[in-house]
Asker: 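This is the structure I want to talk about, given as structure tokens.
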Amino acid sequence: MADKVPASVGIIMDGNGRWAKRRLLPRSAGHEAGMKRILGLVEHARARGVKYLTLYALSTENLSRPREELEGLYSLFRKYFAQYAPRLSGSGAAVKVIGDISVLPRDVRQSIADVCSQAPVQAEFTLVFAINYGSRAEIVRAANLAAGRGSLTERDFAQLLYTADVPDPDLIIRTGGELRLSNFLLWQSAYAELYFSKVLFPDFDDRRLDEALKEYSRRNRRFGRV
Ligand code: FPP
């Protein structure tokens, strides 16, 4: 029987800085290697049958990093959303961003808006970037939107999150060796399978993704039932 494939996958892309440090390179080189890795992984995940892939590109906490590092990341976003993402949306995929992107330079926001607006009506694959995203902030924002609306169900509340039209992750992968979620999709990951890899993100290649998918296919998901 074919392996069970997670429809919705999230990746916490950690370890770019250490990858660069090991090579005596600036941290920016690690982020650039990370961006190149994204290009292949997206295609591979799609080919394997993943329908939604959410990548944690910048947390709200990351905003306190040195200006120079942030500028480097914004340049990568600029390049990705202007050059690579349009090809993706031209191939039947949708691109979406969650988080508060008002902090990004205006031209990057414009490229993001352009790409997101090109989403096909019936996308067969959706790539979601979490940028200046923090799950607690997302939940508080939703709670504020909910205030005064009376009693809401979980389903109603979920509709107020950035991820309203994205299925909860079946699988969350974190690269880079840390064993935590770091404010990523906390509400949405209630029943996600967690997979932690020591591999630094720029080295997390297609084969590593296959290992994570294989492990997922062996998990027995009971959602609280027996
Ligand atoms: C965490 O590694 C990674 C980030 C804060 C940035 C992730 C960004 C990319 C992979 C490239 C961005 C490009 C696009 C198009 C989204 P870290 O720097 O915290 O690594 P460390 O723990 O080794 O220091």
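When a ligand or atom number is given, it counts from 1 through the structure's own listing order.
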Asker: For atom 11 (C) of ligand 1, grab the closest protein heavy atom and report residue, atom and distance to one decimal in Å.
Answerer: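 Checked against all protein heavy atoms, atom 11 (C) of ligand 1 sits closest to His31 O, 3.6 Å.
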Asker: Below 3.5 Å, N or O to N or O, backbone or side chain included: is there any such pair between Asp14 and ligand 1?
Answerer: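 Among all N and O atoms of Asp14, at least one is under 3.5 Å from an N or O of ligand 1.
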Asker: Indicate yes or no: does Lys96 engage Asp165 in a salt bridge with an N to O separation below 4.0 Å.
Answerer: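 A salt bridge is present here (some side-chain N lies under 4.0 Å from a carboxylate O).
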Asker: State if Asn16 counts as touching ligand 1 under the rule of any non-hydrogen atom under 4.0 Å.
Answerer: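 Yes, that is the case, since the closest heavy atom of the residue is under 4.0 Å from the ligand.
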Asker: For ligand 1, note which part of Phe81 has a heavy atom under 4.0 Å away: side chain, backbone, both or neither.
Answerer: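 It is neither part, as no heavy atom is under 4.0 Å.
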Asker: Would you say Tyr84 ends up clustered with Leu41 if hydrophobic residues are merged whenever their side chains have heavy atoms under 4.5 Å apart, either directly or through other cluster members?
Answerer: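 Yes: a chain of side-chain contacts under 4.5 Å links Leu41 to Tyr84.
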Asker: What protein heavy atom is closest to atom 3 (C) of ligand 1, reported as residue, atom name and distance in Å?
Answerer: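 Closest protein heavy atom to atom 3 (C) of ligand 1: Met13 O, 3.1 Å.
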Asker: Closest by any non-hydrogen atom to atom 13 (C) of ligand 1: pick that one out of Met35, Glu32, Arg18, Lys36.
Answerer: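 Answer by nearest heavy atom: Met35.
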Asker: What protein heavy atom sits nearest atom 12 (C) of ligand 1, and how far off is it?
Answerer: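 Of the protein heavy atoms, Phe77 CE2, 3.8 Å lies nearest.
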Asker: At what distance is the nearest protein heavy atom to atom 5 (C) of ligand 1, and which residue and atom is it?
Answerer: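 Protein heavy atom at minimum distance: Asn62 OD1, 3.5 Å.
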Asker: What protein heavy atom is closest to atom 19 (O) of ligand 1, reported as residue, atom name and distance in Å?
Answerer: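 Atom 19 (O) of ligand 1 sits closest to the protein heavy atom Arg65 NH2, 2.7 Å.
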Asker: Starting from atom 6 (C) of ligand 1, which protein heavy atom do you reach first, and at what distance in Å?
Answerer: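 For this ligand atom, the closest protein heavy atom is Ala57 O, 3.3 Å.
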Asker: Hey, does Gly15 come in under 3.5 Å of ligand 1, counting only N/O atoms on both sides?
Answerer: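 Among all N and O atoms of Gly15, at least one is under 3.5 Å from an N or O of ligand 1.
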Asker: Set out, in order, the CA-CA distance, both residues' side-chain angles and the distance that settles side chain to side chain donor-acceptor pair (under 3.5 Å) for Gln110 and Asp114, then state yes or no.
Answerer: CA-CA 6 Å; Gln110 189 56 54; Asp114 290 346; 3.0 Å; yes
Asker: Report yes if the side chains of Arg141 and Leu160 come closer than 4.5 Å at any heavy-atom pair, otherwise no.
Answerer: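 The answer is no; the side chains never approach within 4.5 Å.
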Asker: Should the proximity of Arg27 to ligand 1, defined as any heavy atom under 4.0 Å, be assigned to the side chain, the backbone, both, or neither?
Answerer: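 Only the side chain of Arg27 comes within reach of ligand 1.
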Asker: Please could you name the atoms of ligand 1 that Phe129 approaches to less than 4.0 Å, counting only its heavy atoms?
Answerer: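 Ligand 1 atoms under the 4.0 Å threshold to Phe129: 16 (C).
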Asker: Answer whether the closest heavy-atom distance between the side chains of Ile101 and Val108 falls below 4.5 Å.
Answerer: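 Ile101 vs Val108: side chains apart.
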Asker: Measure Trp19 to ligand 1 on non-hydrogen atoms and call it side chain, backbone, both or neither using the 4.0 Å cut-off.
Answerer: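 The answer is neither; Trp19 stays 4.0 Å or more away.
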Asker: Answer yes if the ring centres of Phe77 and Phe129 are under 6.0 angstrom apart, and no otherwise.
Answerer: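 Centroid separation for Phe77 and Phe129: 6.0 Å or greater.
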Asker: Within 45 degrees of the ring normal and closer than 6.0 Å to the centroid, is that where the cationic atom of Arg23 sits relative to Trp19?
Answerer: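 Yes, Arg23 sits over the ring of Trp19.
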Asker: Does some side-chain heavy atom of Glu154 sit less than 4.5 Å from a side-chain heavy atom of Trp187?
Answerer: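 Yes; the side chains approach each other to less than 4.5 Å.
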Asker: Short N/O distance, under 3.5 Å, between Ile38 and ligand 1?
Answerer: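 No, there is no polar N/O contact under 3.5 Å.
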Asker: So, Glu211 and Lys214, do they make that salt bridge, N to O below 4.0 Å?
Answerer: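 Judged by the 4.0 Å cut-off on N to carboxylate O distance, Glu211 and Lys214 do not form a salt bridge.
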Asker: Check whether any heavy atom of Arg37 sits under 4.0 Å from an atom of ligand 1.
Answerer: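 No; Arg37 lies far enough from ligand 1 that no heavy-atom distance drops under 4.0 Å.
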Asker: Out of curiosity, does Phe157 fall in the hydrophobic cluster containing Tyr133 (side-chain heavy atoms, cut-off under 4.5 Å, transitive links)?
Answerer: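 In one cluster: no.
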